[in-house]
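Data first, discussion second: the structure below is written as structure tokens.
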Amino acid sequence: MRAITIQPSVPNSTQLQDVPDPPRHEGAILVDTLALGVCGTDHEIVAGHYGEAPPGHERLVLGHESLGRVREAPKDSGFAIGDHIVGIVRQRDPVPCPACAAGEWDMCRNGQYTEHGIKGLNGFGAERFRIDPDYAVKVDKALGILGVLLEPTSVVAKAWDHTDRLWRLKAMPPKRLLVTGAVRPLPATDADRDRR
Ligand SMILES: [Zn+2]
């Protein structure tokens with residue numbers, strides 16, 4: 001099958017490659033990819049600033065914003081052939097730390113988590129991928145290709161949920177909010193310079 005791969009730490013190493021089908025140990029659900037989103041993290045990985053191939057491999061299959069259609073699923077998995085799913089990007093660390101043990105792997109404390117298409121796990125930028133039922137989210141087929149926006153939307157929803165919880169916890173609601181993120185400014189273009 002075809003897959004978009006990169007060699008971590010090597011700028012602009014992106015290739016459309018023929019790779020073996022995903023092995024069974026990568027998850028009980030086999031999925032046909034319908035759409036793939038691209039974000040700033042992908043940009044950084046392609047530029048060689050970030051990314052980690054699976055253990056024992058030189059290259060990483062790129063892509064973490066997914067939408068796919070189930071091709072094979074065990075009967076007791078909660079998923080059926082034809083279901084539309086989105087893969088959860090991050091997986092708990094193997095130790096696990098207290099956060100991962102509680103199912104809050106977004107808050108992993110020891111940094112040993114893995115992430116599809118980013119850190120130590122192949123991504124969804126391939127014709128097919130496999131995923132564990134615990135890390136698959138069913139989406140309404142009526143959404144069509146817009147289902148690919150579920151992952152980035154979940155980031156916003158989580159930020160809002162945390163903001164809301166902090167707000168409720170305080171006897172006196174906080175009056176200031178700092179929004180921060182590890183965003184690296186892109187180099188200025190000629191058009192930017194002309195505008196100055
Ligand atoms: Zn952890």
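Indexing begins at 1, ligand by ligand and atom by atom, following the structure's order. Fair warning: this is a prediction, and the values are worked out from it, not measured in the lab.
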message: Do V137 and I85 have side chains that approach each other closer than 4.5 Å (heavy atoms only, starting at C-beta)?
response: no
Protein N, O or S within less than 2.8 Å of the Zn ion (ligand 1), waters excluded: D93 OD2, C97 SG, C100 SG, C108 SG
query: Of K119, E115, H116, which meets side-chain hydrogen bond (donor to acceptor under 3.5 Å, both in side chains) against Q91?
result: H116
query: Below 4.0 angstrom, N of the basic side chain to O of the carboxylate: do D106 and K158 qualify?
result: yes
task: Please report the C-alpha distance between R71 and D32 in whole Å, then the side-chain angles of each, then the deciding distance to 0.1 Å, and finally whether the salt bridge (Lys or Arg N to Asp or Glu O under 4.0 Å) criterion is met.
output: CA-CA 6 Å; R71 176 192 276 242; D32 288 317; 3.0 Å; yes
- prompt: Is any side-chain N of the basic residue among E72 and R130 closer than 4.0 Å to the acidic one's carboxylate O?
  reply: yes
message: Checking side-chain contact (heavy atoms from CB on, under 4.5 Å) between D83 and each of V70, V31, I29, V139, which is the one that passes?
response: V70
